[in-house]
Amino acid sequence: MSKDVKPTRKNLMAIEDRIELSERGHDTLEKKRDGLIMEFMDILDQAQDVRSDLDDNYERAQRNINMARAMEGDVAVRGAAAALKEHPEITSQSKNIMGVVVPQIESTKVKKSLDQRGYGLVGTSARIDEAADAYEQLLETIILAAEVETAMKKMLDEIEKTKRRVNALEFKLLPELHGAQEYIEQKLEEQEREEIFRMKKIKAKKEEDEAAENAQEAAEAEVETVPADG
Amino acid sequence: MSVNTEGSSNYEYVTARVRSRRAKLFDADDYRKMVRMGPGEIARFMEDSEYETEMNALGSRHTGVDLVEYALNRNLSKHFDDLLTWADGSLYEYVANYLRKFDAWNVKTVIRGIYTDAGREEIEDDLIRTGEFSERTLDRLVDATSVEDAVETLSGTIFGEPLEDAYEDFESSDVLVPLENAVDRAFFGHLLDDIGQPEPDAPTALYREFLEAEIDFRNLRNGLRIARSGAEISPEEYFIEGGRLFDGEELRQLASNTDELVTAIRESTYGGDLSEALDELESAESLIGFEHALNTALLEYSEKLSNRHPLSICPVLSYILAKEREIENIRAIARGREAGLSVEEIEEELIQ
């Protein structure tokens, strides 16, 4: 770039303005990146906890359903599951974390009491209750994990994007602008030096011409004052 | 099926046949072997056992552990249907009353099937064709196109009236709870029919005691489940009349506090038999161990009765329970092995 730019004072001023703006942008983006990383670390801790809960809850739910299927029979478990009327619902809203829009998932009708599950109480057993309970718990954790992990993914994308911008400013744009600024300054200095040299040359020539003219004039005057008998 | 509910009962004939059937049940050694097998080996083991006919008949339609489970159910219906075929007079009534639990199962299966728009074949597969309903009644039930239709089909049976009463609730709430509770309560409510109040120490008196214990245990389990879950359910919805331990109001009061309920059980006639189960219930968070202990206590009690009164309903009842446990144990082993449970975990769940 530095070679493409015209080395004019106007361009130098424009580049100086851009450098100032870019440095300000760089500082702001760096702060944003650091802030995002701090937020991300918090979410990461939360995500790790949720992920570990998810694994535990999944294990527990699988174990309970396997036990229920083993002891009550597959048909009884399927029947109890089929009796469910009120299916869980989720609504998604969004919230803003340092300019990153992340989802906020609200769930309803996930945790149910014994009378809301649809199956009769008299002919079923605690195994089915525990399997239903474990799956409700698992579903709640899945919804939370979806919220936290989506937020984490979006934050990560934003951190990457901000990092790329900071790096582009720091390692590409600013060095190029500084290079251009230096190039123009050098060129302008060179032009100035050339100008001075030229001026000096002109001045010397002018003085030389003046001296020659003066000498000629003096010679002419000398000729005019020579005596006639001479 | 020829049914003779008039005249005298044929206890000698039925108990002799039941003894021979009972001898064919799997023993602890069989379970020990099966627990160490994979699902495929279990299926092969069953093909060489009492379950051969059912495994072969269903082999083309089902596979894996589903095949085992359907074969178990079909075998169970065959054996219990035989009991109803053999029994006459009041013995038939007693057995039929008890086996109505499968009628209740079938009614719930059909209603759930209709409710979830399941296909006819799917519903039929899940039926256990034993109990008092004839094949024709079951077919009409499966042909029902709506829950209302199914309820109408059942008018004239013990489930008819309670279902009609519960149908309004179902229509307004659109959940199956009232219908399912009505079906189960109708079964338990008629369990003590035809027994009357026999002389103390007569076999039927002990049989009555056993059924009352079963009703009490059912009320206990449900009371504890409600106490644990914190749901506010009125006892009228789940309480079964006929037990000796509580009335509905007592259970409602106790159901709000697990500790009080446990103390009440300890002080009751079942306190001795259930003390270990209650200790476990107090220490563990799960009700499963307690339910397991209730089932074991019932089975042990039925065996005790069977030995005390060899020529009565007691050995038949004991056989019914033992056969049900065998089905449950085999299913637990097959499903447990399929799910990768360890030998120890499965053995803990078996009731012997």
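Order of the sequence lines sets the chain letters (A, B, ...), proteins ahead of strands, with each chain counted from 1.
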Check this for me: [X], atom [atom1], are more than 12 non-hydrogen atoms of other residues, nucleotides or ligands nearer than 6.0 Å?
{"X": "Gln191(A)", "atom1": "CD", "result": "yes"}
{"X": "Lys163(A)", "atom1": "NZ", "result": "no"}
{"X": "Lys187(A)", "atom1": "NZ", "result": "no"}
{"X": "Tyr167(B)", "atom1": "OH", "result": "yes"}
{"X": "Lys111(A)", "atom1": "NZ", "result": "yes"}
{"X": "Lys161(A)", "atom1": "NZ", "result": "no"}
{"X": "Glu121(B)", "atom1": "CD", "result": "no"}

Heavy-atom closest contact (Val122(A) atom, Arg185(B) atom, distance): CG2-CG, 3.9 Å
Is [X] in contact with chain A via its backbone, its side chain, both, or neither, using a 4.5 Å heavy-atom distance?
{"X": "Tyr70(B)", "value": "side chain"}
{"X": "Asn329(B)", "value": "neither"}
{"X": "Arg221(B)", "value": "side chain"}
{"X": "Glu328(B)", "value": "both"}
{"X": "Phe188(B)", "value": "side chain"}
{"X": "Glu349(B)", "value": "both"}

Spatial distance of atom CG (Asp129(A)) from atom CD1 (Ile288(B)) [nearest 0.5 Å]: 9.0 Å
Point-to-point distance, once rounded to the nearest 0.5 Å, from NZ of Lys108(B) to OH of Tyr119(A): 12.0 Å
Neighbours of chain B found in residues 61-81 of chain A - heavy atoms under 4.5 Å: Arg63(A), Asn66(A), Met67(A), Arg69(A), Ala70(A), Met71(A), Glu72(A), Gly73(A), Asp74(A), Val75(A), Ala76(A), Arg78(A), Gly79(A), Ala80(A)
Side-chain touch Leu121(A)/Val177(B), heavy atoms, less than 4.5 angstrom: no
For each of [options], tally heavy-atom pairs with chain A at distances under 4.5 Å, and name the one with the top tally.
{"options": "Asp184(B), Thr109(B), Ile111(B), Ile346(B)", "result": "Asp184(B)"}
{"options": "Glu338(B), Arg335(B), Glu180(B), His292(B)", "result": "Arg335(B)"}
{"options": "Val183(B), Leu176(B), Ile333(B)", "result": "Leu176(B)"}
{"options": "Asp125(B), Val175(B), Thr116(B)", "result": "Thr116(B)"}

Distance-only side-chain donor-acceptor flag, Arg225(B) / Ser125(A), under 3.5 Å: no
